[in-house]
Amino acid sequence: MIRTRFAPSPTGYLHIGGVRTALFSWAYARKNNGVFVLRIEDTDLERSTPESVKAIMDGMHWVGLDYDEGPFYQTQRFDRYKEVIQQLLESGHAYRCYCSKEELEAMRAEQEAKGEKPRYDRRWRPEEGKTLPAIPADVEPVIRFRTPLDGTVAWDDAVKGRIEFSNTELDDLIIARPDGSPTYNFCVVVDDWDMQITHVIRGDDHVNNTPRQINILKALNAPLPVYGHLPMILNEDGQKMSKRRDAVSVVDYADKGILPEALLNYLARLGWGHGDDEFFDMKQFVEWFSLEAVSASASRFNQEKFLWLNAQHIKAADNSRLAALIAPRLAAAGVDTTTGPAIEEVIALVKERVQDLNALALEVDYFYQKREAAAADVEKHLAGDAVARMGRFADKLAALDSWTAASIHELFKPFCAEEGIKMGQLGMPLRVLVCGTTQTPSVDAVLALIGKEEVLRRLRA
Ligand code: GLU
């Protein structure tokens, strides 16, 4: 049984890099009829906040990544971590270290003076025949993991291929602080073990933690999961995405009028591919997904491509769903859609023209109330006898029995011939007078939707 997990630390917003990690973990579980676990890594009590937990849960809900188990909270598992620390102490894989802060600082200064890489010198590590220092009365010990002194730690990374570390590069890391609280790398290990995670799919900022975690798992005689480290997402300039420069939080994307399925579709394409396929849904993605097809190098966020995809998803989306999504935006803009054409029909007509929901909301106002026309448009399209001519066209409209795009369209050619004008000389003034803008879909369809009475009222006005 395949079991994967997403294990965010609740220290801020839900980052889109995190969403991509969650997406790939989720997809791997779904593809293999496995289990996807959500785990909140909140052991950093100073930086973890309930608001951030909520942001993560809301974000997961918004994108629609469902989990089968959890959320598990590390802060609720301290007894278990303590139990495993005790186990490691008893088996000799961990030991107490009574170095004071001052001692550690002195150690560091000395090593740096000698041009050495600063590291714990293992003075409290028990060895056969070694005499340990006398236990000081005023120091609460930390617990350190007894890292093997030689040999290597290696794994076949499902994304990056073989990765190898020499144990000489690794410290005897602290697994419990003086107050007994367990540290990050240790909790991850115990959790992945207890939760029977078979595939650890996470960002490649964790590659350096992996050899440490593997050593601890081995000391516990725990099975090793498969590791797959996902490369970073860079911004268009090839820099690490930052909150200051880039939209990084899931909420930013919701605010920008991005559809969740478009975000997932785009994130799926970042660092993974299935031929030239660009537009697909998550069902299709799960079918296609494999870790082997994940790229080992970082990928760049391409804004243009992303918005293009969002536009495709808007086109494909159900109109009543889109209506519900833009309702708050319309309300905020004071557009009353309760009288006038059905909003779903308006959306059907204009949605091909937009790349995001904010733009969609902006496209619908003139169906409900005329916009204030720009002076330049009035000057350009309503000069000379254009206004009188529109009066004559209003008479033709008024005489129509059936009010459809087709019946309106049928008036155009004869009217233009009669007046000796081109279609643009009819369409543009009509748009300016009825809509207040020249940027509209086909004018017959627009007039049909706005309705006979309202079109005539606006034209006569
Ligand atoms: N909590 C870690 C993070 O948010 C992830 C740890 C892991 O996936 O192993 O970066």
Side-chain angles (χ1 to χ4, degrees), residues 2-29 34-57 59-60 63 65 67 69-78 81 153 155 157-160 163 165 173 175 181-217 220 222-233 240-243 248-250 267 271 291 294 298:
I2 301 284
R3 294 175 59 91
T4 66
R5 69 346 180 245
F6 176 48
S9 305
T11 55
Y13 44 89
L14 179 56
H15 190 285
I16 55 155
V19 177
R20 201 214 21 191
T21 301
L23 172 63
F24 285 16
S25 284
W26 171 87
Y28 194 74
V35 171
F36 178 56
V37 176
L38 177 64
R39 179 167 87 219
I40 305 291
E41 303 207 317
D42 56 352
T43 45
D44 185 339
L45 299 176
E46 267 162 40
R47 294 177 60 225
S48 301
T49 64
E51 294 75 35
S52 174
V53 172
K54 184 169 185 308
I56 290 167
M57 308 293 281
M60 292 290 282
V63 290
L65 292 178
Y67 39 89
E69 291 180 17
F72 297 112
Y73 293 86
Q74 289 188 322
T75 44
Q76 289 172 9
R77 291 178 40 79
F78 273 60
Y81 303 138
V153 201
W155 73 96
D157 196 276
V159 174
K160 295 189 176 258
I163 299 183
F165 281 81
L173 73 148
I175 57 175
S181 63
T183 58
Y184 170 73
N185 270 305
F186 180 71
C187 298
V188 171
V189 165
V190 177
D191 288 349
D192 284 340
W193 181 30
D194 285 356
M195 295 168 196
Q196 297 174 300
I197 301 302
T198 59
H199 291 70
V200 170
I201 298 164
R202 62 183 170 199
D204 67 1
D205 47 333
H206 288 284
V207 165
N208 287 326
N209 290 327
T210 305
R212 297 179 169 87
Q213 295 179 4
I214 290 178
N215 277 336
I216 302 174
L217 284 165
L220 289 166
L224 298 182
V226 172
Y227 292 92
H229 288 94
L230 307 172
M232 293 222 295
I233 301 175
K240 196 177 160 189
M241 286 222 167
S242 90
K243 197 183 170 113
V248 286
S249 155
V250 164
L267 290 176
L291 285 171
V294 175

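Just follow the structure's listing: the first ligand is 1, and inside any ligand the first atom is 1.
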Could I get the full list of side-chain hydrogen bond (donor to acceptor under 3.5 Å, both in side chains) partners for Lys240, not counting sequence neighbours? none

Nearest-0.5 Å distance that lies between atom CG in Leu65 and atom CG in Leu14: 9.0 Å

Can you list every salt bridge (Lys or Arg N to Asp or Glu O under 4.0 Å) pair that touches residues 183-200, not counting sequence neighbours? Arg5-Asp192, Arg39-Asp191, Arg39-Asp192, Arg77-Asp191, Arg77-Asp194, Arg80-Asp194

If the condition is ring pair (Phe, Tyr, Trp, His ring centres under 6.0 Å), which residues does His15 pass it with, not counting sequence neighbours? none

Do Ser52 and Asp42 come close enough that some side-chain heavy atom pair is under 4.5 Å? no

Taking the six-membered ring for Trp, are His199 and Tyr28 parallel (under 30°), tilted (30 to 60°) or perpendicular (over 60°)? tilted

Identify, chain by chain and in numerical order, each protein residue with a heavy atom under 4.0 Å from an atom of ligand 1. Arg5, Ala7, Pro8, Ser9, Glu41, Tyr184, Val188, Arg202, His206

